[in-house]
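We name chains A, B, ... by the order of the sequence lines, and we start the count at 1 in each one. As the structure is a prediction and not an experimental result, all values here were calculated from the model.
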Amino acid sequence: MLDIRELRRDGEQMVARLARRGVHFDLAAFRALDAERKQADMLSQDLQAQRKQASRDVGELVKSGVAVDEAKSRVAEVQAKIDAQMQAEVDRAAELHGQIEALLMAVPNMPLDDVPEGKDEADNVELRRWGQPRQFDFEVRDHVDVGATLASGELNFDLAAKLSGARFSVMTGSLARLHRALIDFMVDMHADQHGYQEVYVPYLVGPEALRGTGQLPKFEQDLFRIQGDRELYLIPTAEVPVTNLAANEIIDSAKLPLRYVCHTPCFRSEAGAYGRDTRGMIRQHQFEKVELVQLVRPEESASALEALTGHAEVILQALELPYRVVVLCTGDMGFSACKTYDIEVWIPSQNTYREISSCSSFGDFQARRMQARYRPDSGKPELLHTLNGSALAVGRTLVAILENYQNADGSVTVPPVLRSYLGGRETL
RNA sequence: GGAGAGGUGGCAGAGUGGUUGAAUGCGCACGAUUCGAAAUCGUGUUUACGUUCAUAGCGUAACGAGGGUUCGAAUCCCUCCCUCUCCGCCA
């Protein structure tokens with residue numbers, strides 16, 4: 001959520017920054033609404049103050065020996081006059097506050113100044129590449145074909161469709177084990193080498209948590225909501241429960257920065273993505289992800305984003321999978337982000353790099369929504385900065401391994417760092 | 001699922017209708033004392049919003065959430081959420 005004070009103080013500057021990502025913010029409408037709100041606030045608060053004083057007067061009179069009924073009748077006239085309009089004004093002020101809140105909750109974050117301006121993914125800027133795409137001396141098959149014919153396990157979409165329809169997958173045997181091994185490998189790396197605390201969280205969350213990170217109110221169609229009395233949603237990413245650990249908290253400064261690593265399944269309805277990546281397990285309704293989340297002091301968020309992205313890259317380097325890092329342009333960034341790096345892994349069958357991680361800084365945008373604060377060494381509590389990144393998307397990592405490590409005989413070589421997780425197995 | 005007890009400030013813990021945004025203790029901050037420190041003493045220390053040049057004053061709201069009763073609610077009533085204890089069930 002945008003800072004309403006900054007909006008009042010320097011609205012033009014914020015409008016200009018939003019315009020960089022193609023968002024038009026109607027400052028005049030906001031100001032008109034805010035002016036109305038201001039008037040309603042002053043009037044309603046003044047009436048409440050009068051009402052309060054009248055009640056106190058009754059108390060004073062009773063204390064000084066006046067009978068209760070007598071005291072009440074002495075102030076009754078004043079109160080009647082106030083009551084005639086107070087509730088209406090209080091309601092009006094609350095209504096206007098609600099309108100402003102709703103307006104601001106629907107506005108995306110402002111890109112940082114160093115984010116390149118652009119319209120869509122075509123305008124993203126490549127920053128670096130790592131590794132050399134392998135030259136194959138046989139016909140490259142995609143992960144669907146490779147996974148369907150492995151001797152030691154299989155990747156099966158028909159079985160999944162029988163159970164749950166399109167965009168789900170079933171894995172068996174060594175493939176299922178490789179999938180599980182990837183999770184352990186990634187979590188171990190971040191917990192043991194990169195200083196993240198492992199955390200386990202609920203996969204169902206309430207609407208407040210989703211508002212906090214920015215999925216609600218605007219993107220409900222991308223979520224799965226469960227049946228039942230309570231309003232609960234399947235998490236679309238561990239970002240939601242993990243970041244919200246700090247919601248409505250005031251974190252002791254000495255505990256910062258907080259770094260969490262969390263593996264969860266992720267559930268996305270992908271309502272707007274029909275027809276995209278329909279083959280294979282690139283885009284599923286359910287997938288596993290290892291997520292990094294950091295909660296940091298504002299001055300640390302820029303360097304934290306670089307470090308976090310590096311932690312995700314280390315996984316790909318260890319797996320010896322070629323990748324590149326791009327910085328998303330203003331028009332391609334997510335709703336809550338102020339800067340995002342995508343890491344894209346080489347997919348031989350598509351002869352291109354595909355997103356396998358997205359690492360973002362959110363500034364205080366999410367923290368303001370969820371009131372995640374810390375107590376500085378001196379002064380009042382301040383909003384934290386939040387960051388997160390996939391490190392990595394497990395299903396897509398599996399895809400990359402099946403494709404990059406495939407052999408002419410249909411087998412798949414196990415990346416050396418994973419072999420200890422597979423009982424020493426060298427090929428699938 | 002059944003029965004009972006609770007949810008108050010960073011923490012602990014008072015407070016059952018009237019200057020209580022809230023005693024007290026701990027913690028923390030500043031000051032005094034000291035060569036320095038401990039101990040001691042003093043002062044201060046919730047948050048949001050509004051107003052404002054102001055993180056100064058002043059105002060409004062908030063004691064799990066939302067309603068209600070009342071001139072007046074942390075205190076009384078209702079609903080929901082959560083925590084704890086016992087029983088049942090279960091991984």
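Atom P of B:G7 sits at a distance of 15 Å from the matching atom of B:A74, rounded to the whole Å. One C1' atom belongs to B:A12, the other to B:A23, and the distance between them is 14 Å to the nearest Å. To the nearest whole angstrom, the two C1' atoms, one in B:G27 and one in B:G64, are 24 Å apart. Rounded to the nearest Å, the gap between the P atom of B:G21 and that of B:U75 is 13 Å. To the nearest whole angstrom, the two C1' atoms, one in B:U55 and one in B:A48, are 14 Å apart. Taking atom P in both B:U46 and B:A37, the straight-line distance is 27 Å, to the nearest Å. Nucleotides B:A91 and B:A5 are separated by 28 Å at their C1' atoms, to the nearest Å.
As judged by a 4.0 angstrom heavy-atom cut-off over every strand, A:Arg9 is placed among residues making no nucleic acid contact.
The distance between atom CD of A:Glu208 and atom C1' of B:C82, rounded to the nearest whole Å, is 15 Å. As rounded to whole Å, 14 Å separates atom C1' of B:C53 from atom CZ of A:Arg5.
Residue A:Arg373 places at least one side-chain N or O closer than 4.0 Å to OP1 or OP2 of B:A48.
Contacts between residues 36-58 of chain A and RNA chain B, defined by a heavy-atom separation under 4.0 Å, are made by A:Arg37, A:Lys38, A:Asp41, A:Gln45, A:Gln48, A:Ala49, A:Arg51, A:Lys52, A:Ser55, A:Val58.
Place A:Gln79 and A:His97 on RNA chain B by their nearest nucleotides, and A:His97 ends up nearer the 5' end.
Between A:Ser360 and the options A:Thr386, A:Asp342, A:Thr340, a side-chain hydrogen bond (donor to acceptor under 3.5 Å, both in side chains) holds for only A:Thr340.
Using a cutoff of 4.0 Å between basic side-chain nitrogens and carboxylate oxygens, A:Arg21 and A:Asp332 are not scored as salt-bridged.
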